[in-house]
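Just below is one structure, and these are the notes that go with it.
So that the names make sense, note that chain A is the first sequence line, chain B the second, and so on, each numbered from 1.
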Amino acid sequence: MTPARVRYAPSPTGDPHVGNIRTAVWTWLYARHTGGKFLVRLEDTDQSRAVPGSLERILASLRWLGLDWDEGPDIGGPYGPYVQSERLPMYQAAAARLIEQGNAYPCFCSSEELDALRTRQQAEKRPTGYEGKCRTIPAATARSRVNAGEPHVIRFATPRDGSTTVVDLLRGDVTVENRTLDDFVILKSDGFPTYHLAHPVDDTAMEITHVTRGDEWLPSAPRHALLFDALGYPRPTYVHTPIILAPGGGKLSKRHGAKFVLEYAEEGYLPDALLNFLCITGWGHGDDTVFTRERLIELFDLADLSLNPATFDMDKLNWLNGVYLREMPERDLAELLARRLEHDLPADAVRPLDRAFVEAITPLVRERIQVLGDVTALADFFFVDQIPTPTREEFLQKRFKDDAAGAAAAIEGVATALEAVSPWETPAIESALRGLAESTGVKVGDLFTLVRLAVTGKRVSPPLFESIELLGETKAVDALRRAASMLRG
RNA sequence: GGCCCAUUCGUCUAGCGGCCUAGGACGCCGCCCUCUCAAGGCGGAAACCACCGGUUCGAAUCCGGUAUGGGUCACCA
C-alpha cells in the first residue's frame, strides 16, 4: 500500500461542524490506513471572512476527536508554511508564469461592471459568467496598465473549445465542455489567490496524493484540472465526498441541525463514538456497526465511500454513544462522570467529588445514560445535602390515591425497618423492604414507588436498593421521615 | 435556466452478473427479564432494489432514457 499524503484544509471562518469534520475523519483514517501523512493547512485567502480564534477552535476540534496531524500551522513541517496567507509569493509566481505562457491575463473590469454584466445575462436568460472582455487587450497594453497601478485581477484564459475530463475516485470520469467554464479569477486585486489557484499550487508543493473535499467542488474540478495542466503539475487523485443532510431533509447547516464538534464534546459525547458515527454515515463495511478506532484504520478506504448524501441520524449517534459508555473501563467513565457532575451540580455540592463514591455509583448509572450530560438529572440526589421531597400528588397515586395516611404509614414503616438493617448492604436492605411489603400486604411495586420517590426525589431512578445503600442510612431514613411527615401534614 | 452528481427498508448501510423470495444497524412494535427507567434476550413489521427500455441463459448489480433529489454557476472557500 502506498503511503498517502492527504490534508484537511479548512478556512478560518468559524468552528468546524460535523459535516465538514466528517471529511476530515475519512481523510485522517485514510492517512493512517496507508501509513501516510495527514496534514492541516489553513486556507485564509479571504481576509474579509476570517473569524478570530478559528484556527485554535479547528485544531481543538481535531484534537478532541483524536485526529492527530503530522504537519500543520502549529507544528510546521517540511512543506511549510501551512498557512496560505504566508505563501503569497508562490501564488503570484504561478500567476505570472501563466500570464507569460498566455494562459492567464489581467482583467481591469470593476465589480460594478461585472454585476451589470451578470444582471444583463440573467435578464436575457443567458448563462452567467465572464465573457472575456479583457482577454483581447494586447499583452503590452495590459502590462503597462498594470505597471501604472491600475486595479486588476488575473483571470485564467479557459480554452474556448474542447472538453475537460477529471477523474474522481468514486465516480470515474466527469467530463465538462470547456465553453461552459468562464475565465475565472485566479488572483484577486489584493494579490491573494482564489481557491482555484491556491489548490493546485499548494497541493502540488505539498505533494498531496489524494484531494478529499466536499462534492460542492465537483463542478469546478475541471477548472482545477486545467490549471494543473497549464502549470505542468501532475493531477492528484480526487475524492469528492457527499454532503450530510439534516434530519428533516435539506442541507445540514448551523440553523438546521448541525452542531460544532466541540458542542458534542460539551454535551458529553465520547470522541470515539462520534468518530465511529461520523465514519459510518456515508460508509459501511459488511454487517458491522460498532468499530474501534483501530479497526476503522484497518478497514477504511476512500474507495468504499457511499455516493449518497446521508441524513444525520441523531438517534443512532445517541445509541452508539451509549454503547461506548457501557463498554469503556469503569474507572475512566467514573472520572468523566465526576468531572461532569462537578460542572453541573448545584453550587452547594462539595467539590471535588469523592472519586471512590462516584466510582461506586457508576455501574448504577452507566446503562441509563446516553451522553455524559444525562448523569446529573439521574444521580444528583446522591450529592445534595437534603433530598427534595416530591409533592403530595406524586405520592398519592394508584394504590395510594386519596390515602395520604396509608402512604405516610408505609413510608414510616420503611424508615423504621431500615434502621434495623444490618449489615447496611444491598441484599439486607432489599430483603427488609420485601419483607415489609409482604407483612403489610402492599404490592412491592406500590411500596417501592413510594420509597423511590422519598429517597431519590424521582419517579425514575437508578436501582433502589443499591441507591439506598450508597446514600447511607442517615440520609435515606431522613428523606423517608420528611416525606412521611409531609404526607401527614 | 445551463452544467454536474446521485437514486437499496422511515434513517445509515451490505451488495460490485447467479449465494438475494435483498443481509446488518438505528428507530418502531410485541414478548421475556424486572423495584422505576434503562440495559439485555427473543421475535416482528418495514425496500415490487425510483421508473421505463435494453444487454445477458440470468441484473439491485452493466448500458440508455425519464422522473425525483442534490450541488454549482462570486475578486467565498
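- Among the heavy atoms of the strands lying under 4.0 Å from A/Arg155 are primed sugar atoms or P, OP1, OP2 only; no base atom is included.
- Atom P of nucleotide B/rC76 and atom CG of A/Asp46 are separated by 5 Å, given to the nearest angstrom.
- Residues A/Phe400 and A/Ala410 share a closest heavy-atom pair of CZ-CB, 4.3 Å.
- Each of A/Asp202, A/Asp203, A/Thr27, A/Thr212 was scored for a side-chain hydrogen bond (donor to acceptor under 3.5 Å, both in side chains) with A/Arg7, with one residue passing: A/Asp203.
- Across the P atoms, B/rC57 and B/rU11 are found 37 Å apart, a figure rounded to whole Å.
- Atom P of B/rU56 sits at a distance of 16 Å from the matching atom of B/rU61, rounded to the whole Å.
- With a cut-off of 3.5 Å on both Watson-Crick or G-U wobble distances, the partner of B/rU36 is given as none.
- Nearest approach of A/Gly282 to A/Ala310, heavy atoms of both residues: N-CB, 4.4 Å.
- One C1' atom belongs to B/rA60, the other to B/rG23, and the distance between them is 13 Å to the nearest Å.
- Nucleotides of RNA chain B nearest to A/Thr128 and A/Asp44 differ in position, and the one nearer the 5' end is that of A/Thr128.
- In terms of modelled atom types and a separation under 3.5 Å, the side chain of A/Ser461 and the main chain of A/Lys458 share no donor-acceptor contact.
- Residue contacts for A/Arg118: at a heavy-atom cut-off of 4.0 Å it reaches the sugar-phosphate backbone alone, with no base atom in range.
- The partner of B/rG69 is B/rC5, judged by Watson-Crick or G-U wobble contacts that both fall below 3.5 Å.
- Applying the Watson-Crick and G-U wobble criteria (two distances, each under 3.5 Å), B/rU61 pairs with nothing in any strand.
- Going from the C1' atom of B/rU7 to that of B/rC12 covers 15 Å, rounded to whole Å.
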Using a cut-off of 4.0 Å between protein heavy atoms and nucleotide atoms, how would you tag nucleotides 3-15 of chain B 5' to 3' with B, S and -?
-> -SSSSS--BBSS-

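- Using P as the reference atom, B/rC37 and B/rC52 are 48 Å apart when rounded to the nearest Å.
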Between protein and nucleotides 35-44 of chain B, map the contacts as a letter string: B base, S sugar-phosphate only, - none, heavy atoms under 4.0 Å, written 5' to 3'.
-> BBBBSS----

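- Nucleic acid contact for A/Cys109: base, since at least one base atom lies under 4.0 Å from a heavy atom of the residue.
- Remark: B/rG43 base-pairs with B/rC29; criterion is Watson-Crick or G-U wobble with both hydrogen-bond distances under 3.5 Å.
- Rounded to an integer number of Å, the gap from A/Glu150 CD to B/rC75 C1' is 15 Å.
- For the pair A/Asp202 CG and B/rA77 P, the computed distance is 12 Å after rounding to whole Å.
- Distances from the side chain of A/Thr45 to the nucleotides B/rC26, B/rA77, B/rC75 place B/rA77 closest.
- In this structure, A/Arg179 places its CZ atom where only 12 or fewer heavy-atom neighbours from other residues, nucleotides or ligands lie under 6.0 Å away.
- Nucleotide B/rA22 forms a pair with no other nucleotide shown, judged by Watson-Crick or G-U wobble geometry with both contacts under 3.5 Å.
- Across B/rG15 and B/rC20, the matching P atoms stand 15 Å from one another, rounded to whole Å.
- Atoms CG (A/Leu117) and P (B/rC73) sit 16 Å apart, rounded to a whole Å.
- Atom OH in A/Tyr195 sits roughly 17 Å away from atom P in B/rC75 (whole-Å rounding).
- A salt bridge links A/Arg41 with A/Glu43: the closest approach of a Lys/Arg side-chain nitrogen to an acidic carboxylate oxygen falls below 4.0 angstrom.
- Distance check: A/Arg452 CZ to A/Phe465 CZ gives 8.0 Å after rounding to the nearest 0.5 Å.
- When the C1' atom is used for both B/rA50 and B/rC9, the distance is 14 Å, rounded to whole Å.
- Smallest separation of non-hydrogen atoms from A/Pro462 and A/Phe381: CD-CE2, 3.8 Å.
- Between A/Glu124 and A/Arg120, no side-chain nitrogen of the basic residue sits less than 4.0 Å from a carboxylate oxygen of the acidic one, so the salt-bridge criterion is not met.
- Across the protein-nucleic acid pair, A/Ile243 atom CD1 and B/rG69 atom P stand 14 Å apart, rounded to whole Å.
- When the C1' atom is compared between B/rA22 and B/rU8, the two are found 8 Å apart, to the nearest whole Å.
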Run the numbers on A/Ser85 and A/Asp44 for side-chain hydrogen bond (donor to acceptor under 3.5 Å, both in side chains), then give the verdict.
-> CA-CA 6 Å; A/Ser85 60; A/Asp44 63 340; 2.6 Å; yes

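- Note on A/Pro193: only backbone sugar-phosphate atoms sit closer than 4.0 angstrom, heavy atoms only; bases stay farther off.
- Of all heavy-atom pairs between A/Glu298 and A/His33, the closest is O-CE1, 3.0 Å.
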